[in-house]
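Inspection log for the structure reproduced underneath, given as structure tokens.
So that the names make sense, note that chain A is the first sequence line, chain B the second, and so on, each numbered from 1.
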Amino acid sequence: MSEAEHAAEEGAKDFIREVVREDLASGETSTVVTRFPPEPNGYLHIGHAKSMCLNFGVGEEFGGRCHLRFDDTNPAKEEHEYIEAIQRDVRWLGFDWGEHLYFASDHFETLFAWAEHLIENGHAFVDDQTAEEIRNTRGTLTEPGQNSPYRDRSVEENLDLFRRMRAGEFSEGDRVLRARVDMSSGNINMRDPVIYRILHAEHPRTGNTWCIYPTYDFAHGQSDAIEGVTHSLCTLEFADHRPLYDWLIANLPTPMVPRQFEFSRLNLTHTVLSKRRLIQLVEEGHVKGWDDPRMPTIGGLRRRGFPPEALRDFAKRVGITKSDNVIEVALLEHCARELLNKRALRRMAVLKPLKVVIENYPEGEVEYLDAVNNPEDEGAGKRQVPFSREIYLEQGDFMEDPPRKFFRLAPGREVRLRYAYFITCTDVIKDDAGNVVELRCTYDPATRGGDAPDGRKVKGTLHWVSTEHAVDGEVRLYNHLFTEPEPTMGDEFLAGLNPESLEVLNGCKFEPALAEVNEGDAVQFERQGYFGCDPDSGSGHPVFNRVVGLRDSWAKIQAKGQANK
RNA sequence: UGGGGAAUAGUUUAACGGUAGAACGACGGGUUCUGGCCCCGUUAGUCCAGGUUCGAAUCCUGGUUCCCCAGCCA
């Protein structure tokens, strides 16, 4: 079975793949070519991940290809730094454009010739009006626009003026090239749209070769045609541009006819995805940068510890339609948990340590106890964890006066130390302020490994770290960037920032094996969540980011208790 | 009385004239050396009104609501 046939039988079934399948079957096209077209003026975010999964996914599933093309038509806003960062992000997500890396700027010469072609056929004219005059004569949503007084210039004059625009004879804003379509169209994009403007700016790739640049409308579809893109997939807000896209292609000597299809963009709860607002968060210092783990950017998610596979799974589950949507972040979190449950090695880490002395355990003795690396994956093997007389437990795992349903440690109560022994709390030591600062316990030597030969059961199993063997480090806990599921639009959206989106914990105690975690590999801190190693880690001082917590039914019980009070 | 797009459980999404199904979430239970994972169950939906049809989420007519568009941004 060919790849195309395979996709036809088992592939995802959104309306775009349906179109592709039909086009292949009908002979409309013999091979499918898509493209992912970022503008190099910002970083990629999870919404782009949806687009990449669609474009690269379709290319691959139907035995075609997907290009990476930078829409670099506005030198005033674009920077080289973004070109590098975007390529890194696309690769990290797992996509490969092969030889097919393009820039709209690669096509500038052809675009210029095509603009002349339009002029020669009476389909474009040089307009001397100012930007304001053009705006004032564009009409409104309900009223038609008025023709420019320069609309009927001769071909010769237009050609001459356009070439002089290129030659740099004019200042920015003096003149533009406009397509000559229909000033009375209900679709504002058809009201003689500007297709070339003068910009005396240095372009990241073409330098000072050009001082006129095509607009999106005169670059995107044209680049598609030059590169042989068959299915140009974009978001819904471009649907209004499709008539112009088609009109330009129809009036240009293109080697083929690409077609545009639109799908709805991704929205996520508890965050923002508009480029403008993301920039604001970074520039005003509400987050620490584009790769702050609270950011929905690809870089942020990567640093947070999300595996690329989880993002791709998320994109698959979200689907492709034309309806507006807001996806709950809970789905993203689920994708990370599901993947990491299968893959992440289990480790013990005490985030908020409470010292515990096991009084009947021999002083100076150290035992190495077997611990399973991943109960979901036998192949992950085992490790040995050092145990000794003094250990750390999680502060939250002890309560002096526990409520019902609290199954952890309390005075006189016996619990299991995971992979170690049963211990019983015999004494509580407090400071002058009444805070619990240390526990005294006894252990049952017969329960070595974690099981009682007499068959007695305990209700709780706690993680722990041996004091003397503990590696000290930092843990960063993340919560939703915005408190409300749907932050308000407008500039006041900053008021919705969650003041508790980041909690930094110092003096965390890690089991020795955690000193060897590689950046990018997420581990599970038993009973707590999945954590990724942050690049801020120094030798002997690991820093971990919480990707997502484990589902926590105890927290739910507690929350309910609070609500009932 | 501008143009374009969309409406199915709380959230996403399937069903292409023939039993409205899934995932996430929520809730309850089982299991458990992670209050995790896993398993079982409960909850809950076709925007409205007509029409066509043996039969409508799907086709037709008329409404309603929401989103996008008036950059020399993409």
Identify whether any heavy atom of A:Arg138 sits under 4.0 Å from a base atom; if not, whether one sits that close to sugar-phosphate; answer base, sugar-phosphate or nothing.
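Result for A:Arg138 = sugar-phosphate.
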A:His203 and A:Phe108 aromatic centres sub-6.0 Å:
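Close enough - the centres of the two rings lie under 6.0 Å apart.
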Is it true that [X] and [Y] have a side-chain N and a carboxylate O under 4.0 angstrom from each other?
X: A:Asp444; Y: A:Arg456; value: yes
X: A:Arg408; Y: A:Glu394; value: no
X: A:Asp23; Y: A:Arg259; value: yes
X: A:Glu262; Y: A:Arg242; value: yes

Please evaluate the base of [N] for a donor-acceptor partner in the side chain of [X] within a cut-off of under 3.5 Å?
X: A:Glu338; N: B:C37; result: no
X: A:Gln528; N: B:U34; result: no
X: A:Arg317; N: B:U12; result: no
X: A:Arg408; N: B:G35; result: yes
X: A:Glu376; N: B:G36; result: yes
X: A:Asp240; N: B:G3; result: yes

Centroid under 5.5 Å and tilt under 30°, A:Tyr216 to B:A74:
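No; centroid distance or tilt outside limits.
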Would you say that A:Ile46 contacts A:Phe314 through its side chain, given a criterion of any heavy-atom pair below 4.5 Å between the two side chains?
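Result yes, sub-4.5 Å side-chain heavy-atom pair found.
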Return the residues of residues 43-54 of chain A meeting this criterion: a heavy atom under 4.0 Å from some atom of RNA chain B. Order them by number, or give none.
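Listed by number, there are none.
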Stems in RNA chain B: runs of 3 or more consecutive Watson-Crick or G-U pairs, distances under 3.5 Å?
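B:2-7 with B:64-69, B:10-13 with B:21-24, B:26-30 with B:38-42, B:47-51 with B:59-63 - these are the stems of 3 or more pairs that involve RNA chain B.
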Residue mapping more 5' on RNA chain B - nearest nucleotide basis, A:Pro375 or A:Gly319:
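Looking at the nearest nucleotide for each, A:Gly319 comes out on the 5' side.
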